S.K.: 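Structure below; questions to follow.
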Amino acid sequence: MAEKQVQNQNSSQNRTTQYTVIKVRLHPTAEQAELIEKTFGCCRYLWNRMLADVQEFYAATDIHYIPTPARYKKEAPFLTEVDSQPLCTVHQNLRRAFLDFFRNPGAFRYPQFKTKKARKDAFTVYCRPYRTGPSIYLTRDGIKMPKLGNVKATLYRRPLHWWSLRFVTVTKTRSGKYFCSLTYGCDVRRPQPIAPAPERTVGLHHSVASFYVDSEGRSPVLPQLAKSKEKLARMQQKLSRMQRGSKNYEEQLQKIRLLHEHIANQRRDFLHKESGRIANACDAVCVRDTDLTELAKKLKGSDVFGAGFGAFREYLQYKLERQGKPYIVVDRLLPVAKICHECGAVNETLSARRKTWQCPHCGALLNREANAARNLKQQGLAQLGA
């Protein structure tokens, strides 16, 4: 009996839950779109009311208390017109926001009120298992959701049969498109850790011009965004000459929003494909913990955030972890660009503008970014003890 319990415990430790998100385009009817818009408004209203009551109650009693959504349904009957699950999720999100703020005020800010102008329309519905079946499920041509019914959708891919639907998040873009992100979870075997070989380990150094330079001196083929950005500049210049609020102004603004989405999709497609390629080809990846915010302040006029290197690091990390491969982060204070990878000497007099330099100790001719990437690789392997 004891041996069986030990075996069950070991098998449970070797299993983990892996989450996969499938994003689909929704095509609701006029009635469904109206109900979705009402849900957006109710969630925003409930968040602001609960946050205001939390502040008022704390100022009066010095006690932190978050009311439940049911308390507001008598004074706001329109809350009963939408599904109750998104309202419960708003309560959970506000509670989690306060917990994060109290745990680490430096990393998380105090919860803010939501406005219509700077809003991000979204609501989340959890899938509940009932005796008659789950509350949310995929149909042949759409998604069946509470109160909304069957919403037609463009299904780019189908989930595997052993995946379990956990929750869905309905969002609306600035251009007026509706999307639904379906989050699936499945129990998988925990990946076995891979001991990286030096020849299959790569160091990636962030580059403003080339996105990154690896330890072999290679850079990726960047997406062709120049034409789209030139077109965007012309459209924005044309918009500036129009009368705000006119019909032509709104039509031109809609075209600009669609082009912004097209550029964002191009960039996101590049980030996923490039991170997937590296994760499949390498045993380990070494990157520097670069603070992009500080870098953007130093390099004024450079599009540091527009390249998406921060999102690229996040994609790369979870794709490596799913395969049991290490994602190694090197301290940002290490002067990798000033250290010669051949002899290890530090060139303290190296200026930030020099792209190539010669080591004063061993005489090696070095490319600044490729040399930094090689130093990242050496430091990452040293951290692993490889």
Side-chain angles (χ1 to χ4, degrees), residues 21-48 82 86 89-90 93 97 109 111-125 142-143 145 148 151-156 167-183 223-272 296 303-312 314-315:
V21 179
I22 299 177
K23 190 173 183 179
V24 300
R25 171 83 182 273
L26 296 180
H27 305 282
T29 61
E31 293 79 9
Q32 291 172 337
E34 182 181 0
L35 184 56
I36 291 175
E37 293 293 336
K38 285 184 179 179
T39 308
F40 290 148
C42 289
C43 291
R44 183 173 60 254
Y45 168 83
L46 188 62
W47 173 281
N48 293 336
V82 301
T89 306
V90 172
N93 292 341
R109 67 175 185 174
Q112 303 292 314
F113 291 97
K114 298 183 178 181
T115 62
K116 290 184 179 180
K117 293 183 179 179
R119 70 181 186 270
K120 180 183 178 182
D121 289 331
F123 66 85
T124 300
V125 185
I143 306 171
M145 287 187 286
L148 285 172
V151 184
K152 290 188 177 181
T154 304
L155 302 175
Y156 304 99
F167 58 90
V168 299
T169 300
V170 179
T171 57
K172 181 184 178 182
T173 63
R174 299 287 291 179
S175 62
K177 299 177 184 178
Y178 295 97
F179 289 91
C180 182
S181 299
L182 301 96
T183 302
Q224 301 297 324
L225 301 178
K227 291 184 179 179
S228 298
K229 290 183 178 180
E230 290 177 3
K231 183 179 179 181
L232 179 62
R234 292 194 302 268
M235 293 173 66
Q236 289 174 335
Q237 188 178 23
K238 185 177 180 181
L239 181 70
S240 65
R241 301 193 186 101
M242 296 181 177
Q243 183 180 358
R244 185 180 294 270
S246 64
K247 183 177 179 181
N248 290 337
Y249 181 90
E250 295 298 330
E251 291 179 354
Q252 185 70 9
L253 186 61
Q254 179 67 9
K255 294 179 182 179
I256 292 176
R257 288 170 177 169
L258 290 172
L259 185 55
H260 270 298
E261 287 185 10
H262 176 68
I263 295 174
N265 291 335
Q266 284 181 296
R267 185 180 293 111
R268 192 179 301 110
D269 179 71
F270 162 74
L271 296 178
H272 275 292
D303 192 12
V304 176
F305 295 108
F309 191 77
F312 172 75
E314 295 179 0
Y315 299 163

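What you see is a predicted model; the values in this text were computed from it and never measured.
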S.K.: Applying ring pair (Phe, Tyr, Trp, His ring centres under 6.0 Å), can you list everything that pairs with H260, at least two apart in sequence or on another chain?
M.R.: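 Ring pair (Phe, Tyr, Trp, His ring centres under 6.0 Å) check on H260 returns nothing, list empty.
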
S.K.: With sequence neighbours excluded, tell me which residues meet side chain to side chain donor-acceptor pair (under 3.5 Å) with Y178.
M.R.: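 So Y178 forms a side chain to side chain donor-acceptor pair (under 3.5 Å) with E37.
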
S.K.: Restricting to side chain to side chain donor-acceptor pair (under 3.5 Å), what partner residues turn up for N48, sequence neighbours left out?
M.R.: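 If we apply the side chain to side chain donor-acceptor pair (under 3.5 Å) test to N48, skipping adjacent residues, there are no hits.
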
S.K.: How close do V168 and C180 get, heavy atom to heavy atom, and via which atoms?
M.R.: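 Heavy atoms of V168 and C180 come nearest at CB-SG, 3.8 Å.
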
S.K.: Taking C-beta and beyond as the side chain, do I143 and L182 meet within less than 4.5 Å on heavy atoms?
M.R.: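 Side chain of I143 against side chain of L182, heavy atoms only: contact under 4.5 Å found.
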
S.K.: May I ask you to decide if Q112's main-chain N or O and W47's side chain share a donor-acceptor pair within less than 3.5 Å?
M.R.: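 Checked: pair present.
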
S.K.: Could you work out, with side-chain contact (heavy atoms from CB on, under 4.5 Å) as the rule, every residue matching A264, not counting sequence neighbours?
M.R.: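 Applying side-chain contact (heavy atoms from CB on, under 4.5 Å) to A264 gives R268.
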
S.K.: About how many Å separate OG1 of T183 and NZ of K23, when rounded to the nearest 0.5 Å?
M.R.: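 So the NZ of K23 and the OG1 of T183 are separated by 11.5 Å.
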
S.K.: Are any of the side-chain heavy atoms of L239 and I256 separated by less than 4.5 Å?
M.R.: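 In contact.
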
S.K.: Go through the steps for F309 and F312 under the test ring-ring contact (aromatic ring centres under 6.0 Å, His included), then give the verdict.
M.R.: CA-CA 5 Å; F309 191 77; F312 172 75; 5.8 Å; yes

S.K.: Is P28 close to I36 at the side-chain level, that is, under 4.5 Å between some pair of heavy atoms?
M.R.: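 Side chain of I36 against side chain of P28, heavy atoms only: contact under 4.5 Å found.
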
S.K.: Got a sec, which residues hit side-chain contact (heavy atoms from CB on, under 4.5 Å) with P223, two or more places apart in sequence or on another chain?
M.R.: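 If we apply the side-chain contact (heavy atoms from CB on, under 4.5 Å) test to P223, skipping adjacent residues, the hits are L225, F270.
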
S.K.: Applying side chain to side chain donor-acceptor pair (under 3.5 Å), name anything that partners K38, two or more places apart in sequence or on another chain.
M.R.: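 Testing K38 for side chain to side chain donor-acceptor pair (under 3.5 Å), a comparison that skips the adjacent residues, returns E81.
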
S.K.: Return the minimal non-hydrogen interatomic distance between S175 and L258, and the atom names on each side.
M.R.: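 Scanning both residues, the minimum pair turns out to be CB-CD2, 3.7 Å.
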
S.K.: One pair to check against side-chain contact (heavy atoms from CB on, under 4.5 Å): T115 and R44. What are the steps and the verdict?
M.R.: CA-CA 8 Å; T115 62; R44 183 173 60 254; over 6 Å; no

S.K.: Of all heavy-atom pairs between S181 and V21, which one has the smallest distance, and what is that distance?
M.R.: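 For S181 versus V21, the nearest heavy atoms are CB-CG1, 3.9 Å.
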
S.K.: Say you draw a straight line from CD1 of I22 to CG of L155; how long is it, rounded to the nearest 0.5 Å?
M.R.: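 So the CD1 of I22 and the CG of L155 are separated by 8.5 Å.
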
S.K.: Please enumerate all residues that pass salt bridge (Lys or Arg N to Asp or Glu O under 4.0 Å) together with E261, with sequence neighbours excluded.
M.R.: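 E261 satisfies salt bridge (Lys or Arg N to Asp or Glu O under 4.0 Å) with K177 only.
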
S.K.: Is V170 close to F179 at the side-chain level, that is, under 4.5 Å between some pair of heavy atoms?
M.R.: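 They are not in side-chain contact.
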
S.K.: Looking at residues at least two apart in the chain, or sitting in another chain, which of them share a side chain to side chain donor-acceptor pair (under 3.5 Å) with T89?
M.R.: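 Testing T89 for side chain to side chain donor-acceptor pair (under 3.5 Å), a comparison that skips the adjacent residues, returns none.
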
S.K.: Please report, to 0.1 Å, the donor-acceptor pairs under 3.5 Å made by any side chain of residues 227-235, with sequence neighbours excluded.
M.R.:
none

S.K.: Quick one: which residue pairs count as a ring pair (Phe, Tyr, Trp, His ring centres under 6.0 Å) with a foot in residues 26-45, not counting sequence neighbours?
M.R.: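 The answer is F40-F123, Y45-F78.
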
S.K.: Show me the pairs that pass side-chain hydrogen bond (donor to acceptor under 3.5 Å, both in side chains) and involve residues 247-259, at least two apart or across chains.
M.R.: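 Listed by first then second residue: R244-Y249.
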
